[in-house]
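Atom set for the values below is all heavy atoms of this structure, side chains included, hydrogens, waters and symmetry mates excluded. Predicted model only: the values in this text are computed from it and were never measured.
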Amino acid sequence: MNLNVRHEQQRVDRIMQIIADRIREMEEETSRRQNEVVNIRRHFWDEVKVNTDTFDDYLETIIGLRQEAQNLSVNESTQRHASKRLSTLRRMQDIPYFGRIDFIEEGTSTPEQIYIGISSLTDKSGDDFLIYDWRAPISSVYYDYQPGQAQYKTPGGIIHGILEKKWQYLIRHGILQSMFDTSLTIGDEILQQVLGKGSDKKMHNIVATIQQEQNRIIRHDSGKLLIVHGAAGSGKTSAALQRIAYLLYKYRDRLKADQIILFSPNSLFNSYVSNVLPELGEENMQQVTFQDYLNNRLSNDFEVENPFEQLEYILTVEDSHVYKARVASIRFKASVRFFEVIDLYRKSLELSGMVFRDIIFRGMPIVTAEQIAERFYSSDTSNRFHNRLEKLKNWLSQQLNEVVKNESSKEWVEEEIELLSNEEFHKAYTYLAEKKGFKRDSLSDYELEPKALARLIVRQKLQPLRRRIKAYHFIDIQGIYRNLFADSMTIKKWFDGELPTEWETICQKTLETLDGGKLSYEDATPFLLIKELILGFQTNRSIKHILVDEAQDYSPFQFEFIKRLFPAAKVTVLGDFNQAIFTHASQMNDFQTLSSIYGEAETEIINMTRSYRSTKPIIEFTRRLVPNGEHIIPFEREGEKPVLTRISNHAGLHSCITFKVEALQKLQYNSIAIICKSAEESERAYEALSSIDNIKLLRKGSTEYEQGVIVIPSYLSKGIEFDAVIIYDASEEVYGDESLRRVFYTACTRAMHYLQLYSVGEPSPFLEKVLQDGFIELME
């Protein structure tokens, strides 16, 4: 061990001792704080004198309650912070820091040694930083500069200086395994070690290997919208999650994890990325899929198709007139122009076209839909639309008061009174007596009025109806949306462009689906939009930041909707149009549409062209599958060339895959994915390969990403990586259509270390050029 390494190991030893001491201190503090919280909760009411005899007594009681509640809240908050810090310190026991810069600030002559880790650590006085948090302003120098002139931004301005040296450390459990003096942003030695490892069931933080372009994403802090367009495996998702950690650190006084939402591609992905923020000592943000939101708002009224069911239809249904109409419908309903149609349609409802439901009580209409419409359109149309609906709701509530008068003397009410149990009668008697002003101790003095009891019975029977009126259920949203398609020419009132040639079939199929109590995925957001525009948008201003992963799978229509839904939020979107596998992707083949939605002045686009996930031979192969693939730059990590094996039949295919899986397992690959085009193909493959030990089938409802051998549809594999990937059948029969090129590319780019393709019969035409050029090895 040379002198420098010995000196650095001594520093590591000293830091490890300080961390151990801090952990002991924090364990004691956390335990003490926890006991204090438990004690306050246990004796909360002992400290509050409850007295409501006079107003002053009541006021004193309220003040006492508030003080105790505040005391409890402060102690709970302190206990949470102590527990969070303890968790971070325990993680630092494994890797206390990973980098160092020697920085000479302008105006000084002596370099300051800045050690960088996942969290800061100071000496006992709190004045001297032993380790700087990777998110601290000065830490950006480590990621952004080579030795020489450097600068970093602080709240007080830009600090200039000279980066004299930059070191990388590999420390595990207090042992300095290696250290590098590097002039690169992140030396290949450490990055090679990280990328060369096997995959894990959870994504991990990348703070030790952040590249300059990733650091730009992480610390970006201007404008409303940040678009990250990155190649498969470029680390855009990892960088975006580090970005959230950075924002939570920088704005910790005004931004909390529950004010951030991640829209992820599926529940499987949620599980995969759930570890990153906790590793950095931050709470996880809210993680949902857009489908979760649609289901939450619509599933009470419809069976809502999800995007994977829509895609499964596209991938498996044979070409037909109806199929072409469905594709055209998906594309048209995904557009900004259709969003504008819905908006104009809603405005037209101010003058005509609203559809209402009869108000039914005991099988008979109290107020008919025609009467409600007449009342609505006879009111002052200069009033705001929502004010008119509010007045209409109040008028309907008044009609129920008339029903109470008219129904209370009817025979059915007498029958209901006779059927009351003793307990029900006593409750009604007590309620009516108290309403008349009788106290609990004088209830027996009240003489029950039969008419009052009858009115009470009718009012109780009307309660469900009152709730429905209050919730605007008298408006037939389905009927209103349906009318947009009832006549194929209706839409021309609000759309002067060219309709799809299949528009009549689109209208017919839309009506059939709606009448069957179902809502196609392409109709779900438009339906919800018309509902929101009529009833009032349920905007959420508490959300301050939105992260949208796999953004190329969202339609312009959906982005317009999200913008209205979260008007106060900044947005980070991540995408790769080479992986745009949904039919509406043609609506947004770049992010220009999205930047126009949020405003070009408020938008910044960062392109990430270097791919890190796969070995160089795999990237050299996959980048030739897509247009403009020459812009994708592979990281220099050696590996085996992808292999294509031609098989004559499916029996041989399953035999080869079984043998290949056994061989890959012997090579210690932890995760092996057999990727199929569709769920339908996955089911067949899983059944045929059931002899493989512990093989698992991942479906659209799967919520936990598992390692081992899995069979998975192409669209569920997005965003996830595997040690080895087997493309189940890369034949012309399965991947013969040009529309499947991106699906095929997405499946192949999941492989980190090894890629095997099989073809039953002739291979896909996507492979013709790479076979000619020798970027894939052919085996018969």
Side-chain angles (χ1 to χ4, degrees), residues 2-16 18-19 88 92 95-171 176-191 205-221 239 242-243 245-247 249-250 252 280-281:
N2 64 43
L3 188 63
N4 195 24
V5 172
R6 188 181 300 117
H7 172 74
E8 289 292 340
Q9 181 62 60
Q10 287 171 354
R11 186 183 192 276
V12 171
D13 294 340
R14 190 168 82 255
I15 294 296
M16 294 300 289
I18 291 171
I19 291 173
T88 301
M92 291 176 75
I95 307 173
Y97 50 88
F98 51 81
R100 181 188 113 198
I101 56 173
D102 295 356
F103 186 74
I104 306 173
E105 188 176 328
E106 194 175 69
T108 64
S109 57
T110 307
E112 183 181 359
Q113 293 183 342
I114 308 293
Y115 288 83
I116 299 165
I118 64 164
S119 185
S120 58
L121 183 73
T122 63
D123 63 4
K124 226 166 179 62
S125 70
D127 297 329
D128 185 19
F129 274 86
L130 304 172
I131 303 172
Y132 282 82
D133 192 298
W134 66 277
R135 296 164 290 189
I138 195 170
S139 300
S140 65
V141 173
Y142 175 75
Y143 299 112
D144 287 343
Y145 290 98
Q146 298 177 11
Q149 294 288 333
Q151 64 183 44
Y152 63 94
K153 191 183 295 184
T154 73
I158 295 176
I159 305 297
H160 297 271
I162 295 173
L163 173 59
E164 194 176 64
K165 283 187 178 180
K166 182 160 63 173
W167 293 87
Q168 294 175 349
Y169 299 92
L170 192 60
I171 303 169
L176 178 61
Q177 296 181 355
S178 55
M179 57 184 287
F180 309 98
D181 181 358
T182 177
S183 61
L184 299 173
T185 302
I186 297 297
D188 283 357
E189 298 91 343
I190 288 182
L191 192 51
N205 77 73
I206 58 166
V207 293
T209 58
I210 292 169
Q211 305 295 288
Q212 186 173 358
E213 60 183 0
Q214 294 168 333
N215 195 45
R216 187 176 161 212
I217 293 164
I218 291 165
R219 294 174 190 262
H220 180 273
D221 202 14
Q242 316 298 123
R243 169 168 169 71
Y246 170 76
L247 293 172
Y249 171 84
K250 183 174 181 181
R252 50 194 176 276
L280 297 169

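Put simply, CD on Gln214 and CD on Gln212 are 11.0 Å apart, with the number rounded to the nearest 0.5 Å. Atom CD1 of Ile18 and atom CZ of Arg14 lie 6.0 Å apart (nearest 0.5 Å). Distance CG/Leu121 to CG/Asp133: 11.5 Å, rounded to 0.5 Å. Annotation: the span from Ile138 atom CD1 to Thr154 atom OG1 amounts to 10.0 Å, rounded to 0.5 Å. In this structure, Gln177 CD and Ile171 CD1 are separated by 9.5 Å, a value rounded to the nearest 0.5 Å. Between Lys153 atom NZ and Gln151 atom CD the span is 9.0 Å, to the nearest 0.5 Å.
Partner of Arg100 under the salt bridge (Lys or Arg N to Asp or Glu O under 4.0 Å) criterion, out of Glu8, Glu164, Glu112: Glu8 alone.
Using bins of under 30°, 30° to 60° and over 60° for the plane-to-plane angle, the ring pair Tyr169/Tyr97 lands in the perpendicular bin.
In terms of heavy atoms, Ser139 sits closest to Tyr132 at OG-CB, 4.0 Å. Closest approach of Ile131 and Ser119 over heavy atoms only: CG2-O, 3.4 Å. Between Met16 and Met92, the shortest heavy-atom distance links the atoms SD-O, 4.4 Å. Taking every heavy atom of both residues into account, Ser140 and Asn215 meet most closely at O-ND2, 3.9 Å. In terms of heavy-atom proximity, Ile19 sits nearest to Pro96 at CD1-CB, 3.9 Å. Nearest heavy-atom pair, Gly161 versus Phe103, reported as atom, atom and distance to 0.1 Å: CA-CZ, 3.5 Å.
Within the 3.5 Å criterion, the main-chain N or O of Tyr142 finds a donor-acceptor partner in the side chain of Lys166.
Arg219 and Asp221 are not joined by a salt bridge, as no carboxylate oxygen comes within less than 4.0 angstrom of a charged side-chain nitrogen.
Taking Lys165 as the reference, nothing meets the salt bridge (charged side-chain N to carboxylate O under 4.0 Å, His left out) condition, with sequence neighbours excluded.
Using a 4.5 Å cut-off on side-chain heavy atoms (C-beta onward), Trp134 and Ile218 make contact.
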Applying side chain to side chain contact (heavy atoms under 4.5 Å, CB included), run through Arg216 and Tyr143 and close with a yes or a no.
-> CA-CA 9 Å; Arg216 187 176 161 212; Tyr143 299 112; over 6 Å; no
Begin from the C-alpha positions of Tyr115 and Leu130 and carry the test side chain to side chain contact (heavy atoms under 4.5 Å, CB included) through to its verdict.
-> CA-CA 7 Å; Tyr115 288 83; Leu130 304 172; over 6 Å; no
Could you walk me through whether Val5 and Leu176 pass the side chain to side chain contact (heavy atoms under 4.5 Å, CB included) check?
-> CA-CA 8 Å; Val5 172; Leu176 178 61; 4.2 Å; yes
Intermediate values then yes/no, side chain to side chain contact (heavy atoms under 4.5 Å, CB included), Tyr246 and His220 | CA-CA 10 Å; Tyr246 170 76; His220 180 273; over 6 Å; no
